[in-house]
Amino acid sequence: MEKTYNPHDIEQKWYQRWEQQGHFAPTGEEKPYCIMIPPPNVTGTLHMGHGFQYSLMDILIRHRRMLGQDTLWQVGTDHAGIATQMVVERNLLLDEGIKRHDIGREAFVKKVWEWRDQSGDTITRQMRRLGASVDWSRERFTMDPGLTDAVTEVFTRLYDEGLIYRGKRLVNWDPKFCTAISDLEVVSQEENVKLWHIRYNVKNTNDHVVIATTRPETLLADTAIAVNPKDPRYQHLIGKTATVPLCAREVPIIGDDYADPEFGTGCVKITPAHDFNDYEVGQRHDLPLINIFTAEAQLNDAVPVTYQGMDREHAREQIVKDLQTKKCLVDIKDYKTVIPRGDRSGVVIEPYLTDQWFVSMDALAKPAITAVEQGDIKFIPEGWTKTYFQWMHNIQDWCISRQLWWGHRIPAWYDKDNNVYVGRHEQEVREKYQLSDAVYLRQDEDVLDTWFSSALWPFSTLGWPQTTAELTKYYPTNLLVTGFDIIFYWVARMIVMGLKFLDKVPFHEVYVTGLIRDAQGNKMSKSKGNVLDPIDLIDGIDLEALITKRTAGLMQPRMAKQVEKNTRKDFPNGIPAFGTDALRFTFCALASTGRNIRFDLGRIEGYRNFCNKLWNATRYVLMNTEDKDNGFENTDIELTLADRFIISELQHTIINYEQHLKDYRFDLLAQTVYEFVWHQYCDWYLELVKPVLMGEHSDNVKRATRHTLIIVLETILRLLHPIMPFITEEIWQVVGPLAHKTGDTIMLQPFPQVNLNKIDKTITAEVDWLKQVIVGIRTIRAEMNIAPQQLLPLLMRHWSQQDQQWLTNNRETIEKLAKLDKIECVTADSDIPPAATALVGKLELLIPMAGIIDKTAEVARLQKEINKLKQDHQRSETKLSNPKFVDNAPEAIVAKERERLTQMQVTLEKLTSRLQQVENL
RNA sequence: GGGUGCUUAGCUCAGCGGGAGAGCGUCGCCCUUACAAGGCGAGGGUCGGGGGUUCAAAUCCCUCAGCACCCACCA
């Protein structure tokens with residue numbers, strides 16, 4: 001093996017080999033285990049969020065696969081309606097200078113498919129770089145024929161049951177994309193706006209009312225003025241008529257509770273076609289709806305000619321100007337309010353009256369709520385359950401039609417008179433509704449919301465509406481791993497659809513991840529220029545390339561300078577190549593239960609070092625075991641204390657590993673294996689082994705040590721494999737055979753099982769003692785500034801029988817690891833020279849100071865230790881002298897406290913007498 | 001307007017009723033033949049403030065403050 005760990009060299013080859021040999025497909029004999037991947041946008045690129053979630057899913061999948069379960073990780077991509085159409089439209093404009101309407105629907109959709117074919121493998125290629133062991137042989141796309149069948153089937157059935165309906169409604173309209181969008185796709189943000197106060201004259205009087213509005217341009221669509229019926233200021237006006245300025249329309253003044261006397265002037269203009277509240281008011285008072293906007297939000301021919309064709313911003317300016325001229329503008333106030341914008345387009349959303357398709361959610365939501373209430377689906381962390389319920393209990397009907405070209409065409413047809421017929425295809429419609437071929441039918445132009453097909457993902461990918469073997473075997477799936485940002489968009493709707501069409505939940509557990517932020521806690525976004533690309537963390541990238549990447553294609557090119565500056569500051573040397581395994585381990589370690597996860601480069605560096613540690617530990621093991629008798633044939637072996645210790649610790653590690661994985665505490669999982677590999681196996685065990693292998697010991701003992709070195713390392717590799725697949729495979733190819741394991745790959749080796757018989761508390765106690773003795777001496781050495789190589793004599797005093805036994809067992813080890821030239825036991829009353837001391841329980845370790853130790857340093861050290869101890873001692877004494885504590889606390893706690901106190905007393909006495917002695921020198 | 005989460009060592013975060021923890025950073029000594037991407041050791045926190053429950057509170061309850069986020073139609 002190379003001297004230094006180099007991820008690049010080892011990560012390239014393995015994935016291809018695994019995939020070619022079909023190791024990702026389900027083969028296990030045990031019970032099925034299935035995770036559906038949240039399908040990424042087919043034309044997308046891998047970002048940190050994907051990297052994070054896929055890493056966690058892969059850990060779970062690889063673990064189950066090694067347990068021998070029939071493990072399916074279903075992969076696929078999403079057509080992502082708006083997002084994809086947007087990109088292709090932009091490219092079209094950039095490359096050819098044309099808009100989609102210039103080439104027409106058919107040609108445009110063809111272009112989108114071309115774009116998909118050409119860019120669609122970017123993200124799947126990147127998933128492979130990440131090591132994701134998904135079953136590529138079952139890859140699906142939401143617009144595959146089979147999945148499209150599922151969409152049609154669901155739509156048709158829901159329609160036939162009356163759960164899908166079509167109607168003219170006020171919907172959220174995105175004037176940039178000219179489509180309706182759902183409530184969820186609208187993001188409201190507080191913005192600084194104006195509140196214009198406008199005077200309307202009251203007909204046949206000298207009276208007038210003043211209304212306050214943030215949208216003066218919509219006054220052209222006013223069909224009433226509302227005041228509160230209880231408002232004494234205006235009661236007399238109810239039933240009278242007001243004149244809308246600029247268009248001279250006469251509208252009734254109505255009384256409605258919606259008008260809040262406290263707000264503005266207490267009078268409000270009512271524009272039913274362009275405001276959700278006003279729409280309600282209009283319904284109550286039977287007001288006409290006047291639509292003044294085109295789909296692009298330009299003023300249409302329902303307004304005076306002067307305003308026709310203006311876009312809404314321009315119209316607003318003009319109307320304010322004209323109101324001013326006509327002296328109808330009374331006041332302009334600064335005002336803060338929430339403005340709804342399209343999450344994709346960023347433009348202000350217009351409430352717009354159109355024909356749309358809706359899913360009626362009330363009835364569908366009920367079983368989806370019950371399933372979670374009854375624990376058939378569990379959210380992890382649990383807190384998300386509440387979020388889910390809150391949304392589900394207030395669920396609104398889902399607007400599913402989109403006026404886009406890219407997506408699933410709605411399976412509805414219209415005749416000449418606009419009667420609607422729904423069926424799986426035109427032929428079925430004709431049969432179902434007994435329409436002869438002569439009857440003219442045209443299909444609905446609209447497509448379905450992307451999330452409609454996503455909602456079917458857990459069963460459409462398995463072949464539904466056909467009854468397939470996979471569907472029977474893997475549905476309901478076990479787990480969904482996803483971010484909290486799409487609980488409503490996706491998770492809730494999958495539950496609804498799964499229960500509706502398969503009568504079973506789509507998954508039993510939902511592990512909700514946090515969202516990856518940058519090191520400062522900011523959301524990673526292109527415009528902020530703080531995006532990290534997982535691939536760059538794997539392969540590394542130099543500073544200039546990183547800057548080029550981050551400043552390319554910015555929405556606001558003027559931000560480029562700031563982005564460059566920040567990048568130079570944050571990554572003065574670019575990003576080094578950390579490798580996939582280090583990245584995956586980092587994701588695992590960062591996956592705590594919080595909502596935001598700050599990605600810090602320091603972490604990934606640390607875990608790259610961890611890979612290096614494992615690498616080098618392996619080199620040491622190989623150095624000592626290759627071409628040697630390692631106790632696999634000749635099983636005559638005699639385990640040392642160290643051997644039994646590390647095997648015992650290994651069992652604890654396996655237990656904790658399984659527990660943390662079961663709890664989805666990936667952070668604790670990472671910590672557990674890190675601690676065991678680095679601090680137990682490398683720091684202690686490998687060091688304890690050295691004197692054995694180098695010293696004079698029997699073949700049985702040495703053979704046992706080599707044997708243990710190998711079996712523990714090989715087990716470590718299998719434990720680590722789900723987290724770090726590449727390095728473990730690379731090493732296992734060498735270590736596996738050494739451990740007499742057969743098989744092509746570590747990924748199909750059985751996962752380590754705990755053996756409780758190998759846990760030995762007496763061993764642990766002895767090793768703890770041994771560690772304390774060694775650390776005690778090392779501490780003296782470090783604090784006294786004694787060179788690490790310098791051999792020292794050690795005296796031991798106040799030893800118990802146990803101490804003496806353990807010393808006999810471990811004398812050589814202590815001498816070697818603590819660099820001692822001799823160890824001498826002295827009696828309590830023997831006259832000993834001035835010495836630096838350390839305590840292990842009651843046992844006193846003494847390093848004679850003659851010519852070695854600095855008196856003042858030792859005095860200071862003792863003084864400090866005594867002071868610290870005195871405080872603890874005092875606190876403990878107070879506690880124990882409190883009868884309430886002694887009476888009420890559990891016996892074990894009290895006993896423990898007493899033991900602690902005695903221990904401290906002993907220590908304190910010894911340290912004090914030491915101090916006196918040193919001071920008297 | 002409702003709801004949720006967070007506040008613990010310089011930084012990032014675990015711990016969530018009985019002796020304050022980890023990683024990274026910092027400081028000191030060391031290139032000791034697995035590893036300087038390392039070894040050995042050390043320092044560092046009235047656990048956001050204030051109340052309460054309890055023999056015992058970082059941990060449970062109340063309250064205040066600050067910071068996030070989600071949902072909601074007030075012009």
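All chains are named by letter (A, B, ...) in the order of the sequence lines, taking the proteins before the strands, and each is independently numbered beginning at 1.
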K.L.:
Below 3.5 Å, does any donor atom in the side chain of D887(A) face an acceptor in the base of C55(B), or the other way round?
P.N.:
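Answer is no: no donor-acceptor pair is held.
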K.L.:
When the C1' atoms of G41(B) and U32(B) are considered, how many whole Å apart are they?
P.N.:
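After rounding to an integer number of Å, I get 15 Å for this pair.
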K.L.:
How is V775(A) classified with respect to the nucleic acid when contacts are heavy atoms under 4.0 Å: base, sugar-phosphate, or nothing?
P.N.:
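Sugar-phosphate contact only - V775(A) comes under 4.0 Å of backbone atoms but never of a base.
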K.L.:
Write down the distance separating the C1' atoms in G43(B) and C24(B), rounded off to the nearest Å.
P.N.:
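Pairwise C1' distance, G43(B) against C24(B), rounds to 16 Å.
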K.L.:
Please list, for nucleotides 31-33 of chain B, all pairs of protein and nucleotide N/O atoms separated by less than 3.5 Å.
P.N.:
none

K.L.:
Which comes earlier along RNA chain B counting from the 5' end, the contact point of R215(A) or that of A787(A), where each point is its nearest nucleotide?
P.N.:
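The residue mapped nearer the 5' terminus is A787(A).
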K.L.:
Using 0.5 Å steps for rounding, measure from the CH2 atom of W684(A) to the CD1 atom of I774(A).
P.N.:
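Answer for the CH2-CD1 pair, W684(A) versus I774(A), is 4.5 Å.
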K.L.:
Could you check whether N394(A) gets within reach of a base, just the sugar-phosphate, or nothing at all, counting any heavy atom under 4.0 Å?
P.N.:
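Contact class for N394(A): none.
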K.L.:
Once you apply a heavy-atom cut-off of 4.0 Å, does A259(A) come out as touching a base, just sugar-phosphate, or nothing?
P.N.:
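Base, at least one base heavy atom under 4.0 Å.
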K.L.:
Whether the side chain of N530(A) engages the backbone of K523(A) through a donor-acceptor N/O pair (distance < 3.5 Å, no angle test) should be reported.
P.N.:
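Yes; judged by distance alone, with no hydrogens or angles, the pair exists.
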K.L.:
When you compare the side chains of Y607(A) and R603(A), does any donor N or O come within less than 3.5 Å of an acceptor on the partner?
P.N.:
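Their side chains do contain a donor-acceptor pair, which is all the 3.5 Å distance test asks for.
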K.L.:
Angle between ring planes, W391(A) versus F488(A), binned at 30° and 60°: parallel, tilted or perpendicular?
P.N.:
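Rings of W391(A) and F488(A): parallel, under 30°.
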K.L.:
When all nucleic acid strands are considered with a 4.0 Å heavy-atom cut-off, which category describes F578(A): base, sugar-phosphate, or nothing?
P.N.:
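Since no nucleic acid heavy atom lies under 4.0 Å of F578(A), the category is nothing.
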K.L.:
Does G41(B) have OP1 or OP2 under 4.0 Å away from a side-chain N or O of R781(A)?
P.N.:
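The answer is no; no side-chain N or O of R781(A) sits under 4.0 Å from OP1 or OP2.
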K.L.:
Can K628(A) and E626(A) be counted as an ion pair, charged N to O under 4.0 angstrom?
P.N.:
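Judged by the 4.0 Å cut-off on N to carboxylate O distance, K628(A) and E626(A) do not form a salt bridge.
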K.L.:
Taking only the side-chain heavy atoms of C682(A) (C-beta and beyond), determine which of A34(B), C55(B), A37(B) contains the nearest atom.
P.N.:
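Of the candidates, A34(B) comes closest.
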K.L.:
Identify each atom pair where a protein N or O and an N or O of nucleotides 1-6 of chain B are less than 3.5 Å apart, giving names and distance.
P.N.:
{"residue": "G3(B)", "atom": "O2'", "partner": "Q390(A)", "partner atom": "OE1", "Å": "3.1"}
{"residue": "U4(B)", "atom": "OP1", "partner": "K386(A)", "partner atom": "NZ", "Å": "2.8"}
{"residue": "U4(B)", "atom": "O2'", "partner": "R595(A)", "partner atom": "NH2", "Å": "2.8"}

K.L.:
What residues, two or more places apart in sequence or in another chain, satisfy side-chain hydrogen bond (donor to acceptor under 3.5 Å, both in side chains) together with T271(A)?
P.N.:
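Expected list: D222(A), K269(A).
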K.L.:
Could you give the distance separating C40(B) and U8(B) at their P atoms, to the nearest angstrom?
P.N.:
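Approximately 30 Å lies between the P atom of U8(B) and that of C40(B).
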K.L.:
Calculate, to the nearest 0.5 Å, the distance between atoms CD and CD1 belonging to E730(A) and I10(A) respectively.
P.N.:
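Answer for the CD-CD1 pair, E730(A) versus I10(A), is 5.0 Å.
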K.L.:
Tell me what T337(A) touches on the nucleic acid: a base, only sugar-phosphate, or nothing, going by heavy atoms under 4.0 Å.
P.N.:
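The residue T337(A) makes sugar-phosphate contact but no base contact.
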K.L.:
Tell me what R598(A) touches on the nucleic acid: a base, only sugar-phosphate, or nothing, going by heavy atoms under 4.0 Å.
P.N.:
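It contacts sugar-phosphate atoms only.
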K.L.:
G39(B), C35(B), C55(B): which one has an atom nearest the side-chain heavy atoms of N616(A)?
P.N.:
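Output: C35(B).
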K.L.:
Which class fits the ring pair Y5(A) and W615(A): parallel under 30°, tilted 30 to 60°, perpendicular over 60°?
P.N.:
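Geometry flag for W615(A) against Y5(A): tilted rings.
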K.L.:
Heavy atoms only, 4.0 Å cut-off, all strands: where does C611(A) land among base, sugar-phosphate and nothing?
P.N.:
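Nothing: the residue C611(A), judged by heavy atoms under 4.0 Å, touches no strand.
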K.L.:
Rounded to whole angstrom, note down the C1' distance from C47(B) over to C60(B).
P.N.:
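After rounding to an integer number of Å, I get 16 Å for this pair.
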K.L.:
Applying a 4.0 Å non-hydrogen cut-off, can you work out what D278(A) is touching in the nucleic acid: base, sugar-phosphate, or nothing?
P.N.:
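Since no nucleic acid heavy atom lies under 4.0 Å of D278(A), the category is nothing.
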K.L.:
How many whole angstroms separate atom CZ of F276(A) from atom C1' of C74(B)?
P.N.:
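So the two atoms are 14 Å apart, to the nearest Å.
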K.L.:
So, R233(A) side chain and P261(A) main chain: donor-acceptor pair closer than 3.5 Å or not?
P.N.:
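Side chain of R233(A) to backbone of P261(A): a pair is present.
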K.L.:
Just to be sure I follow the notation: if a pair is Watson-Crick (purine N1 to pyrimidine N3 plus N6-O4 or O6-N4) or a G-U wobble (N1-O2 and O6-N3), each under 3.5 Å, what dot-bracket string does RNA chain B give, with | for pairs to another strand?
P.N.:
((((((((.[[[[.)..(..]]]].(((((.......))))).....[[[[[..)....]]]]])))))))....
K.L.:
Under 4.0 Å between any heavy atoms, over every strand shown, what does G776(A) touch: base, sugar-phosphate, or nothing? Just pick one.
P.N.:
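Nothing: the residue G776(A), judged by heavy atoms under 4.0 Å, touches no strand.
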K.L.:
Ignoring backbone atoms, establish whether K613(A) has a side-chain N or O less than 4.0 Å from OP1 or OP2 of G38(B).
P.N.:
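For G38(B), neither OP1 nor OP2 has a side-chain N or O of K613(A) closer than 4.0 Å.
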K.L.:
Taking only the side-chain nitrogens and oxygens of S592(A), find out if one of them lies under 4.0 Å from OP1 or OP2 of A14(B).
P.N.:
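Looking at the OP1 and OP2 atoms of A14(B), one of them is under 4.0 Å from a side-chain N or O of S592(A).
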K.L.:
Rounded to the nearest 0.5 Å, what separates atom CZ in R312(A) from atom CD1 in I319(A)?
P.N.:
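Taking CZ in R312(A) and CD1 in I319(A), the distance rounds to 13.5 Å.
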K.L.:
Within the 4.0 Å heavy-atom criterion, would you say P890(A) contacts the bases, only the backbone, or no part of the nucleic acid?
P.N.:
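It contacts base atoms.
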K.L.:
Please state how far atom CH2 in W173(A) lies from atom C1' in C73(B), giving the value in whole angstrom units.
P.N.:
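W173(A) atom CH2 is separated from C73(B) atom C1' by 21 Å.
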K.L.:
Quick one: label L686(A) by what it contacts on the DNA or RNA (base, sugar-phosphate, nothing), any heavy atom closer than 4.0 Å.
P.N.:
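The residue L686(A) makes base contact.
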K.L.:
Between C1' on C11(B) and CG on D518(A), what's the gap in Å once rounded to a whole number?
P.N.:
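Rounded to whole Å, this separation is 14 Å.
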K.L.:
Just how far, in rounded Å, is P of A37(B) from CG of L601(A)?
P.N.:
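Those two atoms, CG and P, are 17 Å apart.
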K.L.:
Pick the nucleotide of RNA chain B nearest each of E897(A) and T265(A); which residue has the one closer to the 5' end?
P.N.:
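The residue whose closest nucleotide sits nearer the 5' end is E897(A).
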K.L.:
Give a yes or no on whether the backbone of K336(A) and the side-chain of N192(A) come within a donor-acceptor separation of less than 3.5 Å.
P.N.:
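No, the answer is negative, given that no donor and acceptor are paired below the 3.5 Å cut-off.
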K.L.:
Counting neighbours of CD on Q520(A) that are heavy atoms of other residues, nucleotides or ligands and sit closer than 6.0 Å, is the number greater than 12?
P.N.:
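More than 12 within 6.0 Å, yes.
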K.L.:
CD1 of I395(A) versus C1' of A72(B): gap in Å, rounded?
P.N.:
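After rounding, the gap between these two atoms is 15 Å.
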K.L.:
Atom CD of residue position Q396(A) - does it have more than 12 heavy atoms of other residues, nucleotides or ligands inside 6.0 Å?
P.N.:
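Check fails, neighbour count at 12 or below.
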K.L.:
What I want to check is whether the side chains of N522(A) and R517(A) have a donor and an acceptor closer together than 3.5 Å.
P.N.:
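N522(A) vs R517(A): no donor-acceptor pair found between side chains.
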K.L.:
Nearest-Å distance, CH2 (W684(A)) to P (A34(B))?
P.N.:
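Distance, rounded to whole Å: 17 Å.
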K.L.:
Have a look at R608(A) and say if it touches a base, only the backbone sugar-phosphate, or nothing, with a 4.0 Å heavy-atom cut-off.
P.N.:
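Contact class for R608(A): base.
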K.L.:
Taking atom P in both A72(B) and G51(B), what distance in whole Å separates the two?
P.N.:
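The same atom, P, in both gives a distance of 40 Å.
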K.L.:
Please determine if R898(A) and E891(A) form a salt bridge, counting it only when a charged side-chain N lies under 4.0 Å from a carboxylate O.
P.N.:
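Salt bridge absent between R898(A) and E891(A).
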K.L.:
Going by the rule side-chain hydrogen bond (donor to acceptor under 3.5 Å, both in side chains), which residues pair with Y685(A) if we only count those two or more places apart in sequence or in a different chain?
P.N.:
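If we apply the side-chain hydrogen bond (donor to acceptor under 3.5 Å, both in side chains) test to Y685(A), skipping adjacent residues, the hits are D643(A).
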K.L.:
How many Å lie between CG on L614(A) and P on A34(B), as a whole number?
P.N.:
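After rounding, the reported distance stands at 16 Å.
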K.L.:
Roughly how many Å is it from OH in Y5(A) to P in G38(B), rounded to a whole number?
P.N.:
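After rounding, the gap between these two atoms is 14 Å.
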K.L.:
Determine, for Y620(A) and K690(A), whether the Lys NZ or Arg CZ falls below 6.0 Å from the six-membered ring centre while staying within 45 degrees of the axis.
P.N.:
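Yes, cation above the ring, under 6.0 Å and within 45°.
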K.L.:
Are the aromatic rings of F379(A) and W384(A) close, with centres under 6.0 Å apart?
P.N.:
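Here the rings of W384(A) and F379(A) have centres that are no less than 6.0 Å from each other.
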K.L.:
Sticking with atom P, work out how far C11(B) lies from C31(B), rounded to a whole angstrom.
P.N.:
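After rounding to an integer number of Å, I get 34 Å for this pair.
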K.L.:
How far, in whole Å, is U63(B) from C27(B) if one measures between their P atoms?
P.N.:
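It comes out at 46 Å once rounded to the nearest Å.
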K.L.:
Restricting to nitrogen or oxygen on both sides, can you table the protein-nucleotides 20-25 of chain B pairs closer than 3.5 Å?
P.N.:
{"residue": "G23(B)", "atom": "OP1", "partner": "H679(A)", "partner atom": "NE2", "Å": "3.4"}

K.L.:
I'd like the C1' distance from A9(B) over to G45(B), given in whole Å.
P.N.:
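Per the computed distance, 5 Å lies between those C1' atoms.
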